[in-house]
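One-based numbering, in listed order, for ligands and for the atoms of each. The chain is numbered in sequence order, starting from 1.
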Amino acid sequence: MLNAAIRSGGTYLYRDLCKFNYSTAISVCRQFNTTQGQFQKLAQFCSKSILRSFNNKSVTHNTYVKTNKIIMPEEQKPQVVFVLGGPGAGKGTQCSKIVERFQFVHLSAGDLLREERAREGSEYGTLIESYIRDGKIVPVEVTCSLLENAMQNSGKTKFLIDGFPRNQDNLDGWTRQMSDKVDFLFVLFFNCPEDKCVERCLARGQAGSGRSDDNLESLKKRIQTYNNDSLPIIKHYEQIGKVQQIDANPSADEVFKNVEKVFVDAGFQ
Ligand SMILES: Nc1ncnc2c1ncn2[C@@H]1O[C@H](COP(=O)(O)OP(=O)(O)OP(=O)(O)O)[C@@H](O)[C@H]1O
Ligand SMILES: Nc1ccn([C@@H]2O[C@H](COP(=O)(O)O)[C@@H](O)[C@H]2O)c(=O)n1
């Protein structure tokens, strides 16, 4: 259909663009000399669903990118920060503070998996429970789809993705499914000694977290998974200069002072 549109050289465009999804519509427009005026005409002509997609995709208003003679609205991709660190390092605690201070959306991969596990009729409930109890990493197809849906449903554009990517399978799946759709900023890495991680998770369990993995047996497995599978991913991002490391040992408020500095230095107000 795209090729037919391109061959027809423009006349086809206004009539039939409404049948395309957003990405195809943009792609078609880019291949014609679509002026700002034509684009507006197109927008008027297109079906409501396309217009809704344009709005949802946060087309930056009044911003037009000029590439040769083609003038198109620039699409702002969602910005993503990955938040990593050992179990109990304080990722969730710090994410709540970042949300409050910088208005990011916090998406915890672990929370999304627990929600999916609890969802009536979920085909993945049993699988997720066995992975969580054993401290193993759920196949990326499940986790990445939960993350993508949550991002889309939020209607927002700044995301903290907490507890992901946790292993090579997570990273590969994200690269396949999401890397072209987002603007990845950096990894926020909470570095915390192992004994402190264990102490915090056990205290969280004793305080009534209700988590089936806040016990010593699961924790040993989670720490093993972290050391074997997650640390190499953090090292990978370090090698490409994409890690912001934070000492997670001090009190939560002290830790946040350093976190805040990272975000301010990255241009957030
Ligand atoms: N800096 C801190 N000092 C002391 N306790 C902390 C600190 N940060 C978090 N905690 C406590 O430690 C526990 C674990 O914190 P949190 O849930 O934020 O960790 P997490 O890294 O998200 O854990 P997980 O990966 O297991 O989900 C919580 O009970 C929290 O209140
Ligand atoms: N990318 C991920 C993240 C988490 N899991 C599973 O959930 C457990 C709990 O994660 P928390 O971040 O809430 O501690 C974790 O031990 C894994 O079993 C996952 O599979 N993939």
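Note on ligand 1: S96 sits outside its first shell, no heavy atom being nearer than 4.0 Å. For the ligand labelled ligand 1, residue G110 lies outside the 4.0 Å heavy-atom shell. Between A89 and ligand 1 there is a heavy-atom distance shorter than 4.0 Å. Using a 4.0 angstrom heavy-atom cutoff, G88 counts as in contact with ligand 1. The closest approach between any non-hydrogen atom of K196 and ligand 1 is not below 4.0 Å.
The shortest contact between atom 1 (N) of ligand 1 and any protein heavy atom is with P250 O, 2.9 Å. Scanning the protein heavy atoms around atom 31 (O) of ligand 1, the nearest turns out to be T93 OG1, 4.2 Å. In terms of protein heavy-atom proximity, atom 3 (N) of ligand 1 is nearest to R200 NH2, 3.3 Å. For atom 22 (O) of ligand 1, the closest heavy atom belonging to the protein is G92 N, 2.8 Å.
Sorted by first and then second residue, the pairs that involve residues 181-193 and meet salt bridge (Lys or Arg N to Asp or Glu O under 4.0 Å), not counting sequence neighbours, are E148-K181.
Proximity of Q94 to ligand 1, defined as any heavy-atom pair under 4.0 Å, is not found for any part of the residue. Contacts between C95 and ligand 1, counted as non-hydrogen atom pairs separated by less than 4.0 Å, are absent for every part of the residue. Only side-chain heavy atoms of R211 come within less than 4.0 Å of ligand 1; its backbone N, CA, C and O stay farther off.
In the hydrophobic clustering of ILVMFWY residues, with side-chain heavy atoms under 4.5 Å counting as a link, V243 and I246 come out apart. V105 and F268 fall into different hydrophobic clusters, where Ile, Leu, Val, Met, Phe, Trp and Tyr side chains are chained together by heavy-atom contacts under 4.5 Å. When the side chains of ILVMFWY residues are joined at heavy-atom separations under 4.5 Å, either directly or via intervening members, V198 and L231 end up in two distinct hydrophobic clusters.
Taken to the nearest 0.5 Å, the CG atom of L113 stands 5.0 Å off from the CD1 atom of I128. The CD atom of Q224 sits 5.5 Å away from the CG atom of N228 when rounded to the nearest 0.5 Å.
Counting only distance, with no hydrogens or angles, the side chain of K91 and the backbone of G85 share a donor-acceptor pair below 3.5 Å.
The cationic atom of K242 (NZ for Lys, CZ for Arg) does not lie both less than 6.0 Å from the six-membered ring centre of Y237 and within 45° of the ring axis.
One option in K91, R114, R204 has a heavy atom closer to atom 14 (C) of ligand 1 than any other, and that option is R204. The closest non-hydrogen atom to atom 19 (O) of ligand 1, taken over G90, A248, A207, comes from G90.
With sequence neighbours left out, the side chain to side chain contact (heavy atoms under 4.5 Å, CB included) criterion links D253 to K97, S251. Partners of T93 under the side chain to side chain donor-acceptor pair (under 3.5 Å) rule, at least two apart in sequence or in another chain, do not exist in this structure.
Of the charged side-chain nitrogens involved, at least one lies within less than 4.0 Å of a carboxylate oxygen, so that R133 and E129 count as a salt-bridged pair. Between K196 and E199 there is no salt bridge, since no side-chain N of the basic residue sits under 4.0 Å from a carboxylate O of the acidic one.
In plain terms, the two heavy atoms of A89 and A248 that are nearest each other are O-CB, 3.4 Å.
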Using a cut-off of under 3.5 Å, which N/O atoms of ligand 2 pair up with protein N/O atoms, and what distance separates each pair?
residue: ligand 2; atom: 1 (N); partner: G163; partner atom: O; Å: 2.9
residue: ligand 2; atom: 1 (N); partner: N170; partner atom: OD1; Å: 3.1
residue: ligand 2; atom: 10 (O); partner: R166; partner atom: NH2; Å: 3.3
residue: ligand 2; atom: 12 (O); partner: R166; partner atom: NH1; Å: 3.1
residue: ligand 2; atom: 12 (O); partner: R166; partner atom: NH2; Å: 3.4
residue: ligand 2; atom: 13 (O); partner: R114; partner atom: NH1; Å: 3.1
residue: ligand 2; atom: 13 (O); partner: R114; partner atom: NH2; Å: 2.9
residue: ligand 2; atom: 13 (O); partner: R211; partner atom: NH1; Å: 3.3
residue: ligand 2; atom: 13 (O); partner: R211; partner atom: NH2; Å: 3.4
residue: ligand 2; atom: 14 (O); partner: R211; partner atom: NH2; Å: 3.0
residue: ligand 2; atom: 14 (O); partner: R222; partner atom: NH2; Å: 3.4
residue: ligand 2; atom: 18 (O); partner: K136; partner atom: O; Å: 2.7
residue: ligand 2; atom: 20 (O); partner: V138; partner atom: N; Å: 2.7

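For an aromatic pair to be called close, the ring centres must be under 6.0 Å apart, and F159 with F184 fails this.
For a threshold of 3.5 Å applied to N or O pairs, the pair formed by N249 and ligand 1 contains no separation below that value.
Applying the 4.0 Å criterion to heavy atoms of A252 picks out, from ligand 1, the atoms 1 (N), 2 (C).
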